[in-house]
Each structure stands twice: as structure tokens, then as C-alpha cells.
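The next block holds one structure in the form of C-alpha cells; read it before the comments.
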Number of protein chains: 2
Amino acid sequence: MKQEAASFPAQGAQADSQFATRILLLDAAERLFSQHGIEGTSVREIIKAAGVNLGAVNYHFGTKQRLALEVFARRLEPVNRKRIALLDVLEAQAGRRKLKLERIIDALIRPAVETMEDGTPACDDFMRLTSRCFQEPDPEVKSFVEQQFAEVVRRFDSAILRTLPWLPAGELFWRMQFLFGALHHGQEILLRFDQVPQPQLDVSPVKPDREGFIKRVVSFVTSGLAAPMPDVR
Amino acid sequence: MKQEAASFPAQGAQADSQFATRILLLDAAERLFSQHGIEGTSVREIIKAAGVNLGAVNYHFGTKQRLALEVFARRLEPVNRKRIALLDVLEAQAGRRKLKLERIIDALIRPAVETMEDGTPACDDFMRLTSRCFQEPDPEVKSFVEQQFAEVVRRFDSAILRTLPWLPAGELFWRMQFLFGALHHGQEILLRFDQVPQPQLDVSPVKPDREGFIKRVVSFVTSGLAAPMPDVR
DNA sequence: TCTTGTTTCATACGTTTGTACGAAACGTAC
DNA sequence: GTACGTTTCGTACAAACGTATGAAACAAGA
């Protein structure tokens with residue numbers, strides 16, 4: 001029988017490997033989805049990579065789509081929670097003083113780039129997944145992702161607006177979109193750095209470590225966010 | 001029998017509708033690919049949308065993958081040609097004078113956003129396609145796209161470096177990546193603007209027209225590119 | 001030990017997939 | 001008008017697809 005609430009642990013499961021195959025499936029699906037997209041990955045490839053039986057997907061997730069949804073949820077939620085937590089800390093530290101824009105952006109960028117501390121080793125897969133999450137064609141996945149980001153954007157928007165009081169809120173919307181685009185594409189390139197054809201220049205670009213990458217993104221988008229208003233219309 | 005050189009017109013075809021089904025297929029595939037990705041679109045959906053026979057794909061393109069490749073090539077090449085052409089004009093006008101960074105970026109952004117003047121009406125599909133082109137999981141498509149962009153990046157890199165002589169070339173590489181990320185994600189959001197959940201703010205964001213969008217992107221990424229060097233290492 | 005609930009496994013089903021192939025239809029040149 | 005190269009069409013096929021199902025394996029409680 002299928003279990004009704006997939007997110008609740010079962011009592012009858014063995015103690016040490018609770019939900020082992022569930023997690024094996026999520027890990028394998030994450031890797032494959034991040035490389036070939038959802039449609040480009042078959043259930044059979046996933047179960048083969050996970051080393052479990054074909055029926056396991058149907059049993060644990062019902063359908064492939066729900067598996068995909070849980071794959072995204074598992075990564076997005078912690079990242080976005082951490083973003084808000086970092087902003088909370090920042091605002092608490094600042095008290096009444098004005099926050100530096102750069103610090104706010106760092107709190108937004110860092111959780112997406114840094115390896116999460118839950119001990120899972122496949123950190124590249126997370127990053128690729130989060131950087132791909134906006135582009136997923138599946139409408140259900142897309143709306144889930146956008147919903148996930150809604151709260152983060154709301155919190156950071158108001159924090160940023162306080163540091164840029166001259167910027168209309170409607171303008172910040174677009175600048176935030178540019179921010180996420182820059183971040184996610186940058187992550188994608190960072191991960192595929194060795195395969196991406198480098199431009200023939202006098203100096204070849206360096207592959208920064210995580211901290212260097214964060215600094216570069218933060219620097220770029222901080223300047224972009226604080227850009228003077230263009231004379232639109 | 002299949003024709004050997006697919007890019008050459010056949011003599012026996014009727015005069016007015018030369019390659020009619022070829023173009024119908026490219027148009028339909030473009031729209032569907034841009035919405036659901038390559039893997040997410042079946043050959044049968046394409047031929048149904050194009051109103052042609054199933055065999056047509058095999059006859060005109062051989063395989064689905066080659067069709068996809070031609071779909072991308074048809075749009076990317078003109079956009080990138082136009083980028084370089086605009087830069088040529090700009091540099092010719094400037095003569096010995098120094099170019100303004102903003103103008104260079106405009107030449108890079110504008111062709112991707114503006115409707116091409118070849119009379120085709122499906123301008124949204126182009127834009128969505130060009131904004132998705134970097135994310136396509138198919139490795140053959142991916143390498144094609146990256147190769148396509150290589151020359152553009154090379155030309156614009158050196159033009160930009162002349163306006164920002166203090167910026168190391170290796171740093172510009174990353175800023176260019178952020179630029180493309182911001183542009184493409186911004187385009188994606190612009191196209192889906194009405195479906196994207198807007199943040200609850202005092203002021204709701206406006207949907208700019210093409211020119212307004214270009215100005216906003218250019219403003220953002222120009223500031224980002226010219227950002228002061230962060231103290232990395 | 002027997003029961004119960006959970007998880008795994010093997011297998012099967014009905015679709016849909018990409019591609020292939022031969023016959024028909026077409027326009028053009030001789 | 002007949003022959004020819006090009007394009008269309010209908011259909012076929014094997015493979016892969018997502019999903020369903022029922023029996024086996026398992027752990028734990030009574």
C-alpha cells in the first residue's frame with residue numbers, strides 16, 4: 001500500500017536506514033535532473049543510478065513529477081531559510097544603524113553558493129539544481145519554485161529599499177531579476193568551468209573558489225542594484 | 001531520397017513556397033522547444049503544430065537533434081552578427097575617441113531583445129529561445145551555442161577592456177557571464193511577466209516595453225561591469 | 001508464532017517515442 | 001506526354017517510456 005503522507009516517517013521501517021531508498025532516489029534524481037533536465041531523464045535511469053527497484057519511484061513518490069517536486073523542495077527550502085536567517089542576523093546586529101547594501105546581497109548570495117552543512121557530499125549537484133530551478137519547463141515545478149522565492153524576495157526587497165531610498169520599488173523588481181539571472185548563470189559556468197570554451201585573451205580567466213566567486217557576484221550585482229535610474233519613458 | 005546538403009535550395013521545388021514545410025517545421029519547433037525544451041517536445045507535437053506529415057522531419061532534417069540544432073542556428077547567427085555589426089558602427093563613429101561603456105553594452109543587449117526585421121511575427125519565441133539557449137541540456141546544442149557566442153564575447157571583451165583599462169581581463173570574463181545571465185533571465189521574466197507572481201509591495205512592478213527593458217538591463221549591467229575590483233585574494 | 005504494516009522486487013500493460021521505408025503526388029525539363 | 005528528381009504522405013516498427021499490480025521479504029508487536 002502506498003503511504004498517504006509521504007513526508008512522515010513510517011514506524012515499521014528499520015531504524016538505521018530509515019528512508020534509505022527514498023534518499024537514494026532523491027540524490028540520484030537530483031544529479032540526473034541537474035544534468036539533463038526532468039524530461040531528459042527517465043525513471044529507469046534514476047532507479048539504475050540509485051540502485052533500487054523500478055517500483056520504488058511509484059511507491060515513494062507516486063509519479064515522476066512528484067519526485068521532481070520533492071527534489072527541488074529539498075534544496076530550495078534550506079537555502080531560502082538560510083537567506084532569511086542571515087538577513088535576520090544582519091538586521092539584529094545593525095539595530096538602528098543603516099545596513100550596508102553589500103552585506104545584504106552577501107546574505108542573499110552566500111547560501112546559494114556555499115555547500116550546505118548537512119553532510120551530503122554532492123554539493124555541485126545542489127548548486128546546479130538551484131541554478132537551473134528557474135528554467136525548468138514543467139509548469140508545476142516552475143510555479144513551486146517561484147512561490148518558494150516569493151518570501152525571500154519580499155524580505156530582501158524591503159531591506160534593500162531601505163538602503164536605496166531613492167529607488168522606486170517597481171524598479172527594484174527588475175534589478176532583483178537581473179541579480180538572480182547573474183547569480184544562477186554564474187553558478188552554472190563555475191560548475192562547468194573546465195568544459196566551457198574560454199575566450200582567447202592575453203590573460204586567461206581564473207577559476208575562483210567559492211569565496212572568490214561570491215565576492216565577484218556580490219560586487220557585480222551590488223553595483224547593478226545601486227545603478228543610477230535610467231531615464232525610462 | 002534525402003537531399004545531401006540541407007542548406008541548399010532544391011531545383012524541383014515549387015517557386016513560391018520554396019522550403020515551405022522546412023520553415024513551418026522550424027517555426028513550430030522553435031515555439032515548442034522554447035516552451036517545453038527539446039526533450040520535452042515530441043516530433044509528433046511539432047509536425048502537428050506545423051501541419052505537416054510525420055515523415056517531413058526525417059526528410060528535411062534527418063533527426064530531431066539536427067532539427068533542434070538548426071532551430072538554434074537560425075536565430076543565434078543573426079543576433080550575433082548584428083551585435084558585431086553594431087559594435088563595428090560604434091567603433092567607426094568613435095574614431096580615435098574613447099567609446100562610452102553604455103553604448104557598447106547597448107550594442108550587445110539590443111539585438112537580443114529587439115524583434116528581428118526579417119518579417120517573422122513570432123518575436124516572443126525568438127527571445128525565449130535565445131534566452132534559453134545556454135541552458136539546453138543537450139551537449140551538442142550546448143557546445144554549438146557556446147561556440148556561437150565565442151566570437152561575440154571576444155570582440156566585446158576587447159572593446160570593454162579599452163573603456164575599463166584598470167580591469168583585469170580575467171575578471172571581465174566573469175562579469176560578462178553575469179551580464180548574459182542577467183539578460184537572459186530578464187528576458188524570460190519579461191515574456192512570462194503576466195504569469196510570474198509579483199511580490200507584494202506598495203508599488204507593483206511595471207511591465208516595460210522593449211526599449212524600457214533594454215534601458216534597465218543596460219543600466220544594471222553597465223554598473224556591474226564597471227564595479228570597483230573586490231579584494232579577491 | 002502469528003499477525004500486521006511497510007518496503008522491495010519482478011513483471012506486465014498500454015502509450016508514446018524517434019526513426020525508417022515505400023508508395024503516391026508533385027513540378028519541371030526534355 | 002513521358003521521364004525524372006523532389007517532396008509528401010501513410011504506415012510500420014522496435015525501443016523506451018511512465019505507471020500499475022501482486023507476490024515476496026522484512027521488521028516489530030502481540
Side-chain angles (χ1 to χ4, degrees), chain A residues 1-26 28-29 32-33 36-71 137-138 140-141, chain B residues 1-26 28-29 32-33 36-71 137-138 140-141:
Chain A
M1 296 297 122
K2 298 184 196 174
Q3 59 195 37
E4 278 300 308
S7 48
F8 250 80
Q11 296 123 340
Q14 51 264 63
D16 65 335
S17 66
Q18 259 192 339
F19 287 97
T21 66
R22 242 189 98 86
I23 290 168
L24 284 173
L25 276 172
L26 286 169
L32 293 169
F33 286 162
H36 313 114
I38 296 176
E39 298 271 7
T41 308
S42 73
V43 175
R44 283 170 174 81
E45 286 172 325
I46 297 170
I47 60 106
K48 198 176 286 181
V52 302
N53 188 267
L54 178 55
V57 169
N58 193 265
Y59 174 73
H60 286 282
F61 302 96
T63 67
K64 178 188 173 184
Q65 201 193 39
R66 201 174 299 273
L67 164 61
L69 227 61
E70 292 215 36
V71 165
D138 184 301
E140 195 148 347
V141 171
Chain B
M1 296 300 118
K2 300 182 194 174
Q3 58 196 33
E4 277 301 306
S7 47
F8 250 79
Q11 296 121 342
Q14 51 264 60
D16 64 335
S17 65
Q18 258 192 340
F19 287 95
T21 65
R22 242 189 98 84
I23 291 170
L24 284 173
L25 275 173
L26 285 170
L32 292 169
F33 286 162
H36 312 114
I38 296 176
E39 297 271 10
T41 309
S42 73
V43 175
R44 284 169 173 82
E45 286 172 324
I46 297 170
I47 60 107
K48 198 177 285 182
V52 302
N53 188 267
L54 177 57
V57 169
N58 192 265
Y59 176 72
H60 286 283
F61 301 96
T63 67
K64 178 188 173 184
Q65 200 194 38
R66 200 174 298 273
L67 163 61
L69 226 61
E70 292 217 34
V71 165
D138 184 301
E140 196 148 346
V141 172

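Each chain gets a letter, A, B and so on, in the order its sequence line appears, and its residues count up from 1. Quick caveat: nothing in here was measured; it's all calculated off a predicted structure.
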Note to self: Nearest 0.5 angstrom please: Leu25(A) CG to His60(A) NE2, how far?
What the structure shows: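 One gets 6.5 Å once the value is rounded to the nearest 0.5 Å.
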Any side-chain N or O of [X] less than 4.0 Å from the OP1 or OP2 oxygen of [N]?
X: Ser42(A); N: dA16(D); value: no
X: Asn58(B); N: dT19(C); value: no
X: His60(B); N: dT6(D); value: no

Closest heavy-atom pair and its distance - [X], [Y]:
X: Phe33(A); Y: Ile38(A); value: CD2-CA, 3.7 Å
X: Val141(B); Y: Asp138(B); value: N-OD1, 3.1 Å
X: Glu70(B); Y: Arg22(B); value: OE1-NH2, 2.8 Å

Distance in angstrom units between [X] [atom1] and [N] [atom2], rounded:
X: Arg22(A); N: dT6(C); atom1: CZ; atom2: C1'; result: 14 Å
X: Lys48(B); N: dT8(D); atom1: NZ; atom2: C1'; result: 19 Å
X: Glu45(A); N: dA15(D); atom1: CD; atom2: P; result: 17 Å
X: Ile47(B); N: dA20(C); atom1: CD1; atom2: P; result: 16 Å
X: Leu24(A); N: dT7(C); atom1: CG; atom2: C1'; result: 14 Å
X: Lys64(A); N: dA20(D); atom1: NZ; atom2: C1'; result: 17 Å
X: Arg66(A); N: dA20(D); atom1: CZ; atom2: C1'; result: 16 Å
X: Ile46(A); N: dC17(D); atom1: CD1; atom2: C1'; result: 12 Å

Whether each nucleotide of nucleotides 9-14 of chain C has a protein heavy atom under 4.0 Å at its base (B), only at its sugar-phosphate (S) or at neither (-) is summarised, 5' to 3', as BBBB--
Which residues share a side chain to side chain donor-acceptor pair (under 3.5 Å) with Glu140(A), sequence neighbours left out =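 Listed in chain order: nothing, the list is empty.
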With heavy-atom distances below 4.5 Å as the criterion, would you say the side chains of Val71(A) and Phe61(A) are in contact?
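No, their side chains stay 4.5 Å or more apart.
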For residues 42-52 of chain B, run the donor-acceptor check on the side chains, cut-off 3.5 Å, and write out each pair with its distance to 0.1 Å, sequence neighbours left out.
| from | atom 1 | to | atom 2 | distance (Å) |
| --- | --- | --- | --- | --- |
| Ser42(B) | OG | Glu45(B) | N | 3.1 |
| Glu45(B) | OE1 | Ser42(B) | N | 2.9 |

